[in-house]
Protein chains: 2
Amino acid sequence: MSLKFAILGLLDEEPHYGYEIKQKFEHMMGDLWPVSYGQLYPTLRKLAEDDLVTMKTVQGKKAVEKNVYSITDQGSTYFKNWLNNKKKKIQISIKDEFTLSLFFLDRIDPIDAEDILRDKLYELQEKHQYYTEEYQRYTENTAEYKKALMRKMLLHLDAEQKWIQELLDS
Amino acid sequence: MSLKFAILGLLDEEPHYGYEIKQKFEHMMGDLWPVSYGQLYPTLRKLAEDDLVTMKTVQGKKAVEKNVYSITDQGSTYFKNWLNNKKKKIQISIKDEFTLSLFFLDRIDPIDAEDILRDKLYELQEKHQYYTEEYQRYTENTAEYKKALMRKMLLHLDAEQKWIQELLDS
DNA sequence: CACAACATGTAAGATGTTACATGATTGA
DNA sequence: TCAATCATGTAACATCTTACATGTTGTG
């Protein structure tokens, strides 16, 4: 569970409430890593159950209540241990619906098959262009990590395009 | 759910029993896409419940019983519809534990941080070499798709290595 | 005889998405 | 006043992994 560590990492700097964690995290990630409330709140509850964080309800502006979470010593140790020691897996994703469907491409008309590949290539090019422009909008003030993450996305989009181009050429 | 379509695709050629589906699929995928029984059997049951496949218990050699699954007309239509029409998503995975941990790398000693990057780069190089040798063992008889899948893996491993190298250089 | 391979499954949990449900506050 | 944003959550489902449980058959 990555989100668990993302939350602990944020809380290890300062306390945050749920809504804020989502906004801050997604902004940091350049919107490349969305978080749903359906995952966020249950995860926060579980972290509290495990005594890795504590929760305190705070009155915000007027009648708005916020649940502010703080990391515990246990939580901080757990996080730092993860950061320093644990072998962390990288994900090279080749298990997706599109890739699977190519396996069965010989079942359909070769002309349709080529169309499918060209469509996907076009889709990838558009995505690449969108993220390239996004990347160029970044300034010197943009956090290094955010740039790096976008760079990673672009490199993998390059790889994917190259792959599909190779398939078309063969 | 990708596995569902993988199963239907196999059954759309000829009937298979569960164990065989796993073996055949993983072999076709060059062992890049493992399938657990904990996922396979419940998925087969669900496909049967949805009338996309039918199950028939058959006596194999001696006392061994096999549950042979066949695709129904409904299932065949469903599969072909997926193959021809549905917009299928590609997965560019940037949401993994390792990538996340880099976000917090400024919390640890820069020398340790560099070590972590170098370790991962080394790990990726080993993996790359392993798969390259695997790829070279493929012959003209090897199914095109199997080669293509391995090629995709290698291209994304290249991208990942390039990314980490860039991080080290900066 | 032991061990690998064949064959089928369940239970529990991890990790996530989508849709629903509720209500306050702010700005146009 | 109306929509966007702020704020918190639940329920159902989807997908997948790991560990457990059971028994047969073929091979050295």
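Being a predicted model, the structure only gives us computed values, none of them experimental. Every chain is numbered from 1, with letters handed out A, B, ... down the list of sequences. Heavy-atom basis, side chains included; hydrogens, waters and symmetry copies ignored.
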Under the side chain to side chain donor-acceptor pair (under 3.5 Å) rule, collect the residues that match up with B:Asn84, sequence neighbours excluded. none

How many whole angstroms separate atom CG of B:Leu100 from atom P of C:dG16? 10 Å

Can you pull every protein N or O that's under 3.5 Å from an N or O on nucleotides 7-10 of chain C?
residue : atom : partner : partner atom : Å
C:dA7   : OP1  : B:Lys66 : NZ           : 3.1
C:dA7   : OP2  : B:Tyr17 : OH           : 2.7
C:dT8   : OP1  : B:Asn67 : N            : 2.9
C:dT8   : OP2  : B:Tyr19 : N            : 2.7
C:dT8   : OP2  : B:Tyr41 : OH           : 3.0
C:dT8   : O5'  : B:Tyr41 : OH           : 3.4
C:dT8   : O3'  : B:Asn67 : ND2          : 3.2
C:dG9   : OP1  : B:Asn67 : ND2          : 2.9
C:dG9   : OP2  : B:Asn67 : ND2          : 2.9
C:dT10  : OP2  : B:Arg45 : NH2          : 3.2

What's the CG-C1' distance between B:Leu3 and D:dT17, to the nearest Å? 13 Å

Sorted by first residue and then second, give each salt bridge (Lys or Arg N to Asp or Glu O under 4.0 Å) pair with at least one member in residues 13-25 of chain A; sequence neighbours left out. A:Glu13-B:Arg107, A:Glu14-A:Lys24, A:Lys22-A:Glu26

Whole angstrom value for the distance that separates P of C:dA14 from NZ of A:Lys4: 8 Å

Side-chain donor/acceptor pairs under 3.5 Å, residues 28-47 of chain A, sequence neighbours excluded:
residue : atom : partner : partner atom : Å
A:Ser36 : OG   : A:Gln39 : N            : 3.3
A:Thr43 : OG1  : A:Gln39 : O            : 2.6
A:Lys46 : NZ   : A:Asp50 : OD2          : 3.0

Round to the nearest Å and state the distance from A:Leu40 atom CG to C:dT18 atom P. 16 Å

Starting at atom NZ of B:Lys46, determine the distance to atom C1' of D:dC16, rounded to an integer number of angstrom. 15 Å

Is the B:Trp82 ring parallel, tilted or perpendicular to the B:Phe5 ring (thresholds 30°, 60°)? parallel

Output all residues satisfying side chain to side chain donor-acceptor pair (under 3.5 Å) with B:Asp109, sequence neighbours left out; order by chain, then residue number. none

note: B:Ile7, atom CD1; D:dC16, atom P; distance rounded to Å ~ 10 Å

In whole angstroms, the gap separating P of C:dT25 from CD of A:Gln59 amounts to 10 Å

According to salt bridge (charged side-chain N to carboxylate O under 4.0 Å, His left out), who are the partners of A:Lys147, at least two apart in sequence or on a separate chain? A:Glu144

Nearest-Å distance, NE2 (B:His27) to P (C:dC6)? 13 Å

May I ask you to evaluate whether B:Ser36 reaches the phosphate of D:dC16, defined as a side-chain N or O under 4.0 Å from OP1 or OP2? no

